[in-house]
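We number each residue from 1, following the sequence as shown.
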Amino acid sequence: MTADFRRPLWIACALSGALAVILGAFGAHALSARLPAPLLAAYHTGVTYQMWHTVALMALLAGWRGARAPRLVLWCWCAGVVLFSGSLYLLALSGIRALGMITPVGGTLLILGWLALAYAWLREERR
């Protein structure tokens, strides 16, 4: 993986981490008294998944030692966070239940990213 490819992903990780903290604080302080418990729980699930996948992205970017880092993993996780967490944020803030149909698409991308990571490691081991 070239440094040119990793640079925007490092920036995205930094911004995603900051955004997760900001959104978490916003949820805890500004939304806790305004949202019904199920919507607040959905919102916090979005924050949690965003932060965990931000950390996973950082670890992968920092520690991948193979000839080629698994770009599919990186892109699945990035798109998955946007769709999964983003749809939960919008659902919680707008109350539009139809947004919940986007969440499984994002979740599927997150899962595919993890499976692609396993596959990438299997391929690396065979080299």
Side-chain angles (χ1 to χ4, degrees):
M1 179 186 299
T2 66
D4 293 339
F5 176 75
R6 290 176 14 166
R7 181 177 168 83
L9 288 170
W10 273 111
I11 293 167
C13 283
L15 295 175
S16 180
L19 187 60
V21 173
I22 291 165
L23 292 174
F26 179 69
H29 299 288
L31 298 179
S32 62
R34 295 186 178 150
L35 288 181
L39 289 179
L40 189 61
Y43 182 91
H44 284 299
T45 297
V47 171
T48 301
Y49 275 63
Q50 180 176 348
M51 185 56 85
W52 277 112
H53 284 86
T54 298
V55 171
L57 277 165
M58 289 172 44
L60 186 59
L61 286 170
W64 189 264
R65 299 289 183 229
R68 277 187 13 174
R71 292 181 186 197
L72 178 61
V73 176
L74 300 169
W75 292 115
C76 281
W77 283 349
C78 288
V81 165
V82 168
L83 293 175
F84 183 85
S85 296
S87 66
L88 289 176
Y89 299 145
L90 292 173
L91 169 68
L93 295 173
S94 71
I96 300 171
R97 296 229 178 255
L99 290 167
M101 293 187 296
I102 299 169
T103 309
V105 175
T108 299
L109 286 169
L110 295 174
I111 292 166
L112 287 174
W114 287 105
L115 294 174
L117 179 61
Y119 178 73
W121 274 108
L122 286 171
R123 280 189 41 211
E124 244 349 91
E125 286 296 314
R126 292 182 184 158
R127 289 185 182 175

For this session: Would you please name every residue forming a side chain to side chain donor-acceptor pair (under 3.5 Å) with Ser87, sequence neighbours left out?
Result: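 Side chain to side chain donor-acceptor pair (under 3.5 Å) list for Ser87, sorted by chain: Thr103.
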Exercise. Who are the side chain to side chain donor-acceptor pair (under 3.5 Å) partners of Trp10, not counting sequence neighbours?
Worked result: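 With sequence neighbours excluded, Trp10 shows a side chain to side chain donor-acceptor pair (under 3.5 Å) to no residue whatsoever.
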For this session: Look at the aromatic rings of Trp114 and Trp77 and report parallel, tilted or perpendicular, splitting at 30° and 60°.
Result: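 Aromatic pair Trp114/Trp77 classed tilted.
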Single-linkage hydrophobic cluster, 4.5 Å side-chain cutoff, [X] and [Y] together:
X: Trp121; Y: Met58; result: yes
X: Met51; Y: Phe26; result: no
X: Val73; Y: Val55; result: no
X: Leu90; Y: Ile102; result: yes
X: Met101; Y: Ile96; result: no

Any heavy-atom pair between the side chains of [Y] and [X] that's under 4.5 Å?
X: Leu61; Y: Leu74; answer: yes
X: Cys76; Y: Leu115; answer: no
X: Trp52; Y: Leu110; answer: no
X: Val47; Y: Tyr89; answer: yes

Any chance you could measure [X], atom [atom1], to [Y], atom [atom2], to the nearest 0.5 Å?
X: Leu35; Y: Leu93; atom1: CG; atom2: CG; answer: 6.5 Å
X: Leu112; Y: Leu117; atom1: CG; atom2: CG; answer: 12.5 Å
X: Leu72; Y: Tyr119; atom1: CG; atom2: OH; answer: 10.5 Å

Exercise. Ser16 and side chain to side chain contact (heavy atoms under 4.5 Å, CB included): which partner among Val21, Ile11, Leu9, Thr54?
Worked result: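 When side chain to side chain contact (heavy atoms under 4.5 Å, CB included) is applied between Ser16 and each of Val21, Ile11, Leu9, Thr54, only Thr54 qualifies.
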For [X] against [Y], the heavy-atom pair lying closest together:
X: Gly27; Y: Leu40; value: O-CD1, 3.8 Å
X: Leu99; Y: Ser94; value: CD1-OG, 3.5 Å
X: Ser85; Y: Gly46; value: OG-O, 2.7 Å
X: Leu83; Y: Gly106; value: CB-CA, 3.7 Å
X: Ser32; Y: Ala28; value: OG-O, 3.0 Å

Exercise. Is it true that a side-chain atom of Tyr43 and a backbone atom of Leu23 form a donor plus acceptor pair closer than 3.5 Å?
Worked result: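 A pair under 3.5 Å: yes.
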For this session: For Leu60 and Leu57, run side chain to side chain contact (heavy atoms under 4.5 Å, CB included): C-alpha distance rounded to whole Å, both residues' side-chain angles, the deciding distance at 0.1 Å, then the answer.
Result: CA-CA 5 Å; Leu60 186 59; Leu57 277 165; 5.6 Å; no
Exercise. Taking everything shown except Tyr49 itself, do over 12 heavy atoms lie less than 6.0 Å from its OH?
Worked result: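 Count not over threshold, so no.
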